[in-house]
A.B. asks: 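Provided herewith is a single structure, encoded as structure tokens, for subsequent inquiry.
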Amino acid sequence: MEIKYEQLYKEEAEMFANIVGRFQRLQENDIQEAYKLMVDSLQAYNRWSKIKLDIKKDLGRGEKAALKDRLEEICRYLKEVHVSSRMVWKYARDDKRNNEEF
């Protein structure tokens with residue numbers, strides 16, 4: 001029996017697509033969205049890394065290599081979104097604080 005991972009993880013796939021879209025629209029001065037994206041991407045990373053672990057446990061060595069690679073790419077992307085969003089949030093916050101001092 002073939003497991004349809006896309007159906008099993010539909011909510012996570014929607015969450016990932018939402019994060020991709022939000023990251024594409026992120027502006028360098030949007031402190032609130034950067035913070036939300038930072039938090040959401042880390043939570044999504046945690047969920048996708050668990051999915052990756054579960055799937056790898058179910059598959060043998062060499063099985064579904066493309067799927068395993070894609071799951072690794074998703075995790076890497078979410079980690080990069082988290083780091084980039086954190087940087088945007090920090091710099092925007094610092095810039096706002098510096099401008100309020102004058």
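Below, all heavy atoms of this structure are taken into account, side chains as well, without hydrogens, waters or symmetry copies. Positions are given from 1, in the same order as the sequence printed here.
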A.B. asks: Under 4.5 Å between side-chain heavy atoms, counting indirect links through other Ile/Leu/Val/Met/Phe/Trp/Tyr residues: same cluster for Ile19 and Leu26 or not?
C.D. replies: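 As far as the 4.5 Å side-chain criterion goes, Leu26 and Ile19 are connected within one cluster.
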A.B. asks: So do the side chains of Met15 and Trp48 get within less than 4.5 Å of each other, counting heavy atoms only?
C.D. replies: no
A.B. asks: Verify, without hydrogens or angle tests, whether Asn98 (side chain) and Asp94 (backbone) share a donor-acceptor contact under 3.5 angstrom.
C.D. replies: yes
A.B. asks: Are the charged groups of Glu73 and Arg70 less than 4.0 angstrom apart, N to O?
C.D. replies: yes
A.B. asks: Taking NZ in Lys52 as the centre, count heavy atoms belonging to other residues, nucleotides or ligands within less than 6.0 Å. Is the count above 12?
C.D. replies: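 Yes, NZ of Lys52 has more than 12 neighbouring heavy atoms, counting only those of other groups under 6.0 Å.
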A.B. asks: More than 12 heavy atoms of other residues, nucleotides or ligands under 6.0 Å from CD of Gln27: is that the case?
C.D. replies: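 For Gln27, atom CD is not crowded (no more than 12 foreign heavy atoms under 6.0 Å).
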A.B. asks: Looking only at atom types and distance, does a side-chain atom of Ser41 sit under 3.5 Å from a main-chain N or O of Met38, one as donor and one as acceptor?
C.D. replies: yes
A.B. asks: Should Trp89 and Val81 be regarded as members of a common hydrophobic cluster, given that ILVMFWY residues are connected when their side-chain heavy atoms come within less than 4.5 Å of each other, either directly or indirectly?
C.D. replies: no
A.B. asks: Taking a hydrophobic cluster as the set of Ile, Leu, Val, Met, Phe, Trp and Tyr residues connected by side-chain heavy atoms closer than 4.5 Å, whether directly or through intermediates, do Leu42 and Tyr35 fall within one such cluster?
C.D. replies: no
A.B. asks: Within a reach of under 6.0 Å around CD of Glu72, are more than 12 heavy atoms found that belong to other residues, nucleotides or ligands?
C.D. replies: yes
A.B. asks: Without swapping roles, check the side chain of Asp95 against the backbone of Tyr91 for a donor-acceptor pair under 3.5 Å.
C.D. replies: no
A.B. asks: Between Arg97 and Asn99, is any pair of side-chain heavy atoms under 4.5 Å apart?
C.D. replies: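 Side-chain contact under 4.5 Å: no.
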A.B. asks: Dump the intermediate steps for side-chain contact (heavy atoms from CB on, under 4.5 Å) on Arg25 and Glu33, then the final yes or no.
C.D. replies: CA-CA 10 Å; Arg25 293 184 303 275; Glu33 182 58 25; over 6 Å; no
A.B. asks: Are Leu71 and Leu59 connected in the hydrophobic side-chain network, where two residues link if heavy atoms are under 4.5 Å apart?
C.D. replies: yes
A.B. asks: Do Val20 and Tyr77 come close enough that some side-chain heavy atom pair is under 4.5 Å?
C.D. replies: yes
A.B. asks: Does atom NZ of Lys56 have more than 12 heavy-atom neighbours from other groups under 6.0 Å away?
C.D. replies: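 Open: at most 12 neighbouring heavy atoms sit under 6.0 Å from NZ of Lys56.
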A.B. asks: Just do the side-chain contact (heavy atoms from CB on, under 4.5 Å) check on Asp30 and Gln32 with the steps written out, would you?
C.D. replies: CA-CA 6 Å; Asp30 192 346; Gln32 283 186 320; 4.2 Å; yes
A.B. asks: Considering only heavy atoms from C-beta outward, does the side chain of Ile55 approach that of Lys64 to under 4.5 Å?
C.D. replies: no
A.B. asks: To the nearest 0.5 Å, what is the distance between CG (Asp40) and NE2 (His82)?
C.D. replies: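 Atom-to-atom, Asp40:CG and His82:NE2 are 11.5 Å apart.
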